[in-house]
Amino acid sequence: MSKDNCIFCKIAKGEIPSATIYEDSHFRVMMDINPATKGHCLIIPREHFDNIYDLDGETAGKIFSLATCIARALKDALGCEGMNIVQNNGEIAGQTVMHFHLHLIPRYKDDEVKVGWVPHASDEKELEELRRAIKAAI
Ligand code: AMP
Ligand code: ZN
């Protein structure tokens, strides 16, 4: 989706209404319209980035700094027992809106949310090859 037709760009600019809980010159924080749990929020940068590969380090730092503040507010306001921070990149990873965003999902006992994966046994040789390849790419 082009950024001209991006729903989160329109929400960020205020062209489409949203249940906003915080905004500043860089970000809007809003309630997710189809929440996983009570209080599920999204942090969206006003500037369009498709995903984490596009994001610059300064914006990334500001987003996570803001996430600490919103997470504490959710905990204080809702008394949740835990919190998942989720950020999907690419359709295969579950990204449905191609404008970078961070999910804050408060967790409660018996909330039936599934965030996770099946752990696999690792192969020592393969792990070392992967470690080298990734290290070299940094
Ligand atoms: P993702 O699957 O990581 O791309 O997450 C997209 C999220 O955006 C989903 O949790 C949707 O429920 C949420 N969403 C989509 N449209 C809106 C909207 N207009 N206002 C608030 N949340 C939205
Ligand atoms: Zn956008």
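For ligands, and for the atoms within them, numbers begin at 1 and follow the listed sequence. Along the sequence shown, the residues carry numbers beginning at 1.
- Rounding to the nearest 0.5 angstrom, the gap separating the CZ atom in F100 from the CG atom in L42 is 11.5 Å.
- Scanning the protein for heavy atoms near atom 5 (O) of ligand 1, the closest one is H101 NE2, 3.0 Å.
- For the pair H40 and ligand 1, the shortest N or O to N or O distance does not fall below 3.5 Å.
- Annotation: M30 places no N or O atom under 3.5 Å from an N or O atom of ligand 1; distance criterion only.
- A donor-acceptor pair under 3.5 Å is formed between the side chain of D54 and the backbone N or O of D50.
- When all heavy atoms of V29 and C41 are compared, the closest pair comes out as CG1-CB, 4.3 Å.
- Not a single N or O atom of L42, backbone or side chain, sits closer than 3.5 Å to an N or O atom of ligand 1.
- Residue R132 holds its CZ atom at 12.0 Å from CG of L127, rounded to the nearest 0.5 Å.
- At a 4.0 Å heavy-atom cut-off, ligand 1 touches F8 through the side chain alone.
- Residues C80 and K75 share a closest heavy-atom pair of SG-CA, 3.7 Å.
- Scanning the protein for heavy atoms near atom 4 (O) of ligand 1, the closest one is T96 N, 2.7 Å.
- Contact between S18 and ligand 1 is absent, with no heavy atom of the residue lying under 4.0 Å from the ligand.
- Ordered by chain and number, C6 SG, C9 SG, H48 ND1, H99 ND1 make up the set of protein N, O or S atoms under 2.8 Å of the Zn ion (ligand 2).
- Clustering ILVMFWY residues whenever any of their side-chain heavy atoms sit less than 4.5 angstrom apart, transitively, puts Y53 in the very cluster that holds L102.
- Nearest to atom 10 (O) of ligand 1 by heavy-atom distance, out of T20, D32, I11, is D32.
- For the pair M98 and ligand 1, no heavy-atom separation below 4.0 Å is found.
- In terms of protein heavy-atom proximity, atom 22 (N) of ligand 1 is closest to I33 N, 3.2 Å.
- For N34, heavy-atom contacts with ligand 1 shorter than 4.0 Å involve the backbone as well as the side chain.
- Considering every non-hydrogen atom in both L74 and G39, the closest pair reads CD2-O, 3.5 Å.
- The OG1 atom of T59 sits 13.0 Å away from the CZ atom of R46 when rounded to the nearest 0.5 Å.
- Short contacts between ligand 1 and V97, defined as distances under 4.0 Å to a heavy atom of the residue, involve ligand atoms 4 (O), 6 (C).
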Apply salt bridge (charged side-chain N to carboxylate O under 4.0 Å, His left out) to the pair E128 and K125, showing each step before the final yes or no. CA-CA 5 Å; E128 177 57 13; K125 187 163 163 279; over 6 Å; no
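- Classification of the H103-H40 ring pair by plane angle, with boundaries at 30° and 60°, yields tilted.
- Ion pair R28/E23 flagged as a salt bridge, since at least one NZ, NE, NH1 or NH2 atom sits closer than 4.0 Å to an Asp/Glu carboxylate oxygen.
- If you number the atoms of ligand 1 from 1 as listed, the ones under 4.0 Å from a heavy atom of M31 come out as 21 (C).
- In this structure, H103 has a heavy atom closer than 4.0 Å to ligand 1.
- Between Q95 and ligand 1, not a single N/O pair is under 3.5 Å apart.
- Less than 6.0 angstrom separates the ring centroid of F8 from the ring centroid of H101.
- Both tests pass for K38 against the ring of Y108: distance under 6.0 Å to the centre and angle within 45° of the axis.
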